[in-house]
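Okay, structure first, notes after.
Start at 1 with the first residue, then count along the sequence. Remember, it's a predicted structure, so these values are computed and weren't measured experimentally. We count ligands from 1, going down the list as the structure has it; atoms in each ligand are counted the same way.
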Amino acid sequence: MSLIELSHINVDFKQAPGSVPAVFDVSLKINRGSIFGIVGYSGAGKSTLVRTINLLQRPTEGSVKVNDVEMTNLSPQELRLKRQKIGMIFQHFNLLDEMTVQQNILQPLKHSTQSQTQKHAKVQQLLDLVGLTAQAQNYPHQLSGGQKQRVAIARALANDPDILISDEATSALDPKTTQQILELLNHLNQTLGLTILIITHEMQVIEALADQVAIMEKGQIIETGSVANVFQHPKQKLTQEFITLAQGFSISKLQRTP
Ligand SMILES: Nc1ncnc2c1ncn2[C@@H]1O[C@H](COP(=O)(O)OP(=O)(O)OP(=O)(O)O)[C@@H](O)[C@H]1O
């Protein structure tokens, strides 16, 4: 069953003298509990497209349904609550440098009605989950890139989201650290049933982790299907190019149970 359903999404950016179409007539269904990859070069429209899911980017046209709820019809208050159920992680981690690891993870719970004890128990549980219990009182500058991304993942999970959007989250990491972060994402998907949307320009990341993939070019999806099918029978030249580029990277395929 689809958890996310995008229908005929257009995003135009108004810019003198005209408007720039960043996303053009994209329709996409993402199943609950799956890992879905979106691949494309810089400027293809990947970030703009996924930002329409939580309406950080309101589409110029089209429908955005999450869990059968039309997001574009929600009031600001309703939207705020829905957004809490969609976590995001980014290439540059976006941590607050003046806060400790623990404080960074607590941040999304600031307005929660839970007691301080409950909030701290939640943070402790998340630290365990991402393997950073010993670093709770460290500041981001005292952490490696992989550890920073683990903090960002824990923070993204603070409100028990249904969906995690990973926007180039491993692009700044070396292959070994990338493998470890992908293993963590796989573990979260398999144990929490978290639906994960991965944006990347690295097809080896998709091959290791995703079930389904969509290839984007100039604001459009030019090819989509199961990862196995697309890798075995790529239809588009660009898809073939991404597959060729992925060869030779030492990222291992992860064990996945549908
Ligand atoms: N706020 C904005 N105002 C105007 N144009 C924008 C804005 N955001 C994105 N664009 C344009 O929309 C197009 C798609 O950008 P987008 O960031 O979605 O691509 P991307 O595939 O995610 O690339 P990258 O990986 O480099 O972020 C690009 O041409 C970009 O310049």
Notebook entry, point to check: Atoms of ligand 1 less than 4.0 Å from A44 heavy atoms?
Noted result: 19 (O), 20 (P), 21 (O)

Check: So does Q255 have more than 12 non-hydrogen atoms from other groups sitting under 6.0 Å from CD?
Finding: no

Checklist line | Those atoms of ligand 1 less than 4.0 Å from some heavy atom in Y41 | finding: 21 (O)

Margin query: Just so I know, are the side chains of I196 and N186 near enough to count as touching, which here means a heavy-atom distance under 4.5 Å?
Written below: no

Next item on the list: Starting from atom 12 (O) of ligand 1, find the nearest protein heavy-atom neighbour and note its residue, name and distance.
Entry: A22 CB, 3.3 Å

Notebook entry, point to check: Which residue holds the protein heavy atom closest to atom 25 (O) of ligand 1, what is that atom called, and what is the gap in Å?
Noted result: K46 NZ, 3.4 Å

Note to self: Does K253, at its NZ atom, have more than 12 non-hydrogen atoms belonging to other residues, nucleotides or ligands within less than 6.0 Å?
What the structure shows: yes

Checklist line | Side-chain heavy-atom pair K82, V66 within 4.5 angstrom cut-off | finding: no

Checklist line | Minimum-distance protein heavy atom relative to atom 19 (O) of ligand 1 | finding: G45 N, 3.1 Å

Margin query: Run S2 and E5 through side-chain hydrogen bond (donor to acceptor under 3.5 Å, both in side chains) and show every step you take.
Written below: CA-CA 6 Å; S2 304; E5 193 167 345; 4.6 Å; no

Check: Got more than 12 heavy atoms from elsewhere within 6.0 Å of NZ, K119?
Finding: yes

Note to self: Students should be able to answer this: which protein heavy-atom is nearest to atom 18 (O) of ligand 1, and at what distance?
What the structure shows: T48 OG1, 2.5 Å

Check: Under 4.0 Å from atom 9 (C) of ligand 1, is there any protein heavy atom?
Finding: yes

Checklist line | Shortest protein contact, atom 26 (O) of ligand 1 (heavy atom only) | finding: S42 OG, 2.5 Å

Item checked: Heavy-atom nearest neighbour in the protein, as seen from atom 27 (O) of ligand 1, with distance rounded to 0.1 Å -> S47 OG, 3.6 Å

Notebook entry, point to check: Any side-chain heavy atom of M88 sitting closer than 4.5 Å to one from N54?
Noted result: yes

Next item on the list: Just need the protein heavy atom nearest to atom 5 (N) of ligand 1, so name the residue and atom and give the distance.
Entry: F13 CD1, 3.3 Å

Margin query: Give me the nearest non-hydrogen protein atom to atom 28 (C) of ligand 1 as residue plus atom name, then the distance to 0.1 Å.
Written below: G43 O, 3.9 Å

Note to self: Around atom NZ of K85, are there more than 12 heavy atoms from other residues, nucleotides or ligands closer than 6.0 Å?
What the structure shows: yes

Check: Would a 4.0 Å cut-off, counted as strictly less than, catch a protein heavy atom around atom 31 (O) of ligand 1?
Finding: no

